[in-house]
Undergrad: 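Starting off with a structure, shown below.
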Amino acid sequence: MGIVSQTSVVCLLLGLSSAKDVPAFYIFGDSLVDFGNNFYMKTLATPLFPNGIDFGNGYRVPSGRYSNARLVPDIIGKSCLSEVGLKNFPPPCLAPTTVGDVLLNGVSYASSGSGILKATGESYGDHISLENQISYFEKTRKDIISNIGIQAAKKLLREAIYILFIGTNDIRDISNVVDSGAALDTIIASLRSQLTRLYKLGARKFVVGNCGPYGCIPYTRDEYGVKDGCVSAANQRAQSFNKKHKPMLEELTKDLSGSINVYADIYAVFLDIVQNYISYGFEDAVNACCNVVGAHGGFIPCTTISQVCSDRTKNVFWDPFHLTESANLIAAKHLLDGDLNYASPMNLRQLVNT
């Protein structure tokens, strides 16, 4: 299947004419969903230009995102806006303009390099751990209540969608831990605790991503010196986490009355794109489009000294770690309309209508 124009693809993806209006998307996580918070901190994990080269902000103006253009939540939230009730991209929580009525449409609290555990990402400098991201949301909640009143705020927060894509950095950090099973249990317990905390703050509809097959990204391929195929050891670690992750979400749905926890199988989504890239119209599923050094361009993040491929629609990978917008379009399609192989117990379209 070839890639048709991005606008028509996204409008097709998001034909939610029968859906209820979604008042807000509140987004938590790492660089997969960071919309620019790291620009407001002292950190090495800052997506400088040419990140955002196709986003439309202007020449040499980065978008705050680790991609050439939009991320999955951008695609879901921005395109065909009248169908999902959103007016703008959810802004980064640290932006000085993220105040007042802006909060009613959604906010991104995500921070590149961060993780479920507080210590994850410390090597990059400042970051916002999941616990601290939810603390920022707690402040948002108070501001919304002050703005529109307690009853209206409760309704808005109850009907909002809460996206959490986080955990891969934690899994990578424990790759050399002797008792990895105990470490995974700690990560899962912490994630459960933070989801419960969000629930107590009024959240009810969750979309929680698992750990993707990071053994397939250019960075890991170059780190292990793998020319062809993925690094099985890394993917096995991801799968070990995922086997604990899904049952935890299922238990949480039972324990937290009225909550819906959608398990977004990022692993399956990602692997489908990598394994079937030709059928999706891609030509390259191993090399970073924005690269400096490494057999697959995997050793240095996309930065001002990087070389950028001329046709970003032909590459699955934008940089050593992240997807191009064209690949994110496919990922968004899977999460919106995919079957139980990609999202369970329902996909995002069904969650919106619930």
Side-chain angles (χ1 to χ4, degrees), residues 14 16-29 33 35 72-74 76-78 80-93 98-110 130-166 191-209 246 248-264 332 335-337 343-354:
L14 292 171
L16 297 173
S17 59
S18 63
K20 299 176 182 178
D21 284 343
V22 179
F25 273 54
Y26 295 105
I27 302 167
F28 307 81
V33 290
F35 288 180
V72 169
D74 288 320
I76 292 171
K78 178 66 174 177
C80 306
L81 291 179
S82 62
E83 305 292 357
V84 293
L86 293 175
K87 297 180 176 64
N88 297 292
F89 292 112
C93 69
T98 306
V99 294
D101 288 349
V102 170
L103 305 177
L104 306 180
N105 294 320
V107 178
S108 173
Y109 306 89
L130 180 57
E131 180 180 341
N132 288 338
Q133 289 178 34
I134 296 174
S135 293
Y136 278 113
F137 171 75
E138 193 167 10
K139 180 182 182 301
T140 296
R141 179 180 179 273
K142 291 178 181 177
D143 290 343
I144 291 174
I145 291 172
S146 297
N147 185 4
I148 64 175
I150 184 67
Q151 295 305 319
K154 284 184 176 181
K155 182 177 186 295
L156 184 150
L157 297 174
R158 183 174 64 249
E159 296 179 352
I161 303 295
Y162 298 80
I163 296 176
L164 293 92
F165 284 3
I166 195 166
L191 177 58
R192 180 189 174 101
S193 175
Q194 296 308 321
L195 288 169
T196 302
R197 186 177 166 207
L198 273 174
Y199 174 85
K200 291 179 179 178
L201 292 170
R204 291 298 181 268
K205 297 181 179 182
F206 301 89
V207 179
V208 188
K246 187 175 183 179
M248 180 273 290
L249 284 184
E250 292 171 345
E251 292 173 3
L252 208 59
T253 299
K254 295 177 182 177
D255 293 344
L256 302 180
S257 177
S259 71
I260 304 173
N261 291 276
V262 172
Y263 178 72
L335 295 178
L336 278 164
D337 292 316
S344 62
M346 65 186 70
N347 58 38
L348 183 53
R349 188 187 303 275
Q350 293 164 336
L351 178 65
V352 168
N353 283 306
T354 301

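Heads up: numbering here begins at 1 and tracks the sequence.
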Undergrad: Taking all non-hydrogen atoms of both residues into account, name the closest pair between Leu201 and Arg141 and its distance.
TA: O-NE, 2.8 Å
Undergrad: Closest heavy-atom contact between Ile27 and Pro90?
TA: CD1-CG, 4.0 Å
Undergrad: Once the angle between the rings of Tyr162 and Phe206 is folded into 0 to 90°, is it parallel (under 30°), tilted (30 to 60°) or perpendicular (over 60°)?
TA: tilted
Undergrad: Given side chains that start at C-beta, do those of Leu335 and Val207 come closer than 4.5 Å, heavy atoms only?
TA: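 Leu335 does not reach Val207 side chain to side chain.
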Undergrad: Dump the intermediate steps for side chain to side chain contact (heavy atoms under 4.5 Å, CB included) on Cys93 and Tyr26, then the final yes or no.
TA: CA-CA 10 Å; Cys93 69; Tyr26 295 105; over 6 Å; no
Undergrad: Between Ala343 and Val262, what is the shortest heavy-atom contact and its length?
TA: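 Minimum heavy-atom contact is CB-CG1, 4.2 Å.
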Undergrad: State, yes or no, whether a side-chain contact exists between Ile260 and Thr253 at a heavy-atom distance under 4.5 Å.
TA: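 Contact flag for Ile260/Thr253 side chains = no.
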Undergrad: If you measure from the Lys or Arg side-chain nitrogens to the Asp or Glu carboxylate oxygens, is any gap between Arg197 and Glu131 under 4.0 Å?
TA: no
Undergrad: What are the two closest non-hydrogen atoms of Leu156 and Leu104, and how far apart are they?
TA: CD1-O, 3.8 Å
Undergrad: Could you walk me through whether Leu157 and Phe137 satisfy the side chain to side chain contact (heavy atoms under 4.5 Å, CB included) test, starting with their C-alpha distance in whole Å, then the side-chain angles of each, then the deciding distance to 0.1 Å, before giving a yes or no?
TA: CA-CA 11 Å; Leu157 297 174; Phe137 171 75; 4.0 Å; yes
Undergrad: Quick one about Thr140 and Tyr109 (side-chain donor to acceptor, distance below 3.5 Å, no hydrogens or angles considered), yes or no?
TA: yes
Undergrad: Given side chains that start at C-beta, do those of Arg192 and Asp255 come closer than 4.5 Å, heavy atoms only?
TA: yes
Undergrad: Measure across Pro92 and Val107 and return the closest heavy-atom pair with its distance rounded to 0.1 Å.
TA: C-CG1, 4.4 Å
Undergrad: With a 4.5 Å cut-off on side-chain heavy atoms, are Tyr199 and Leu252 touching?
TA: no
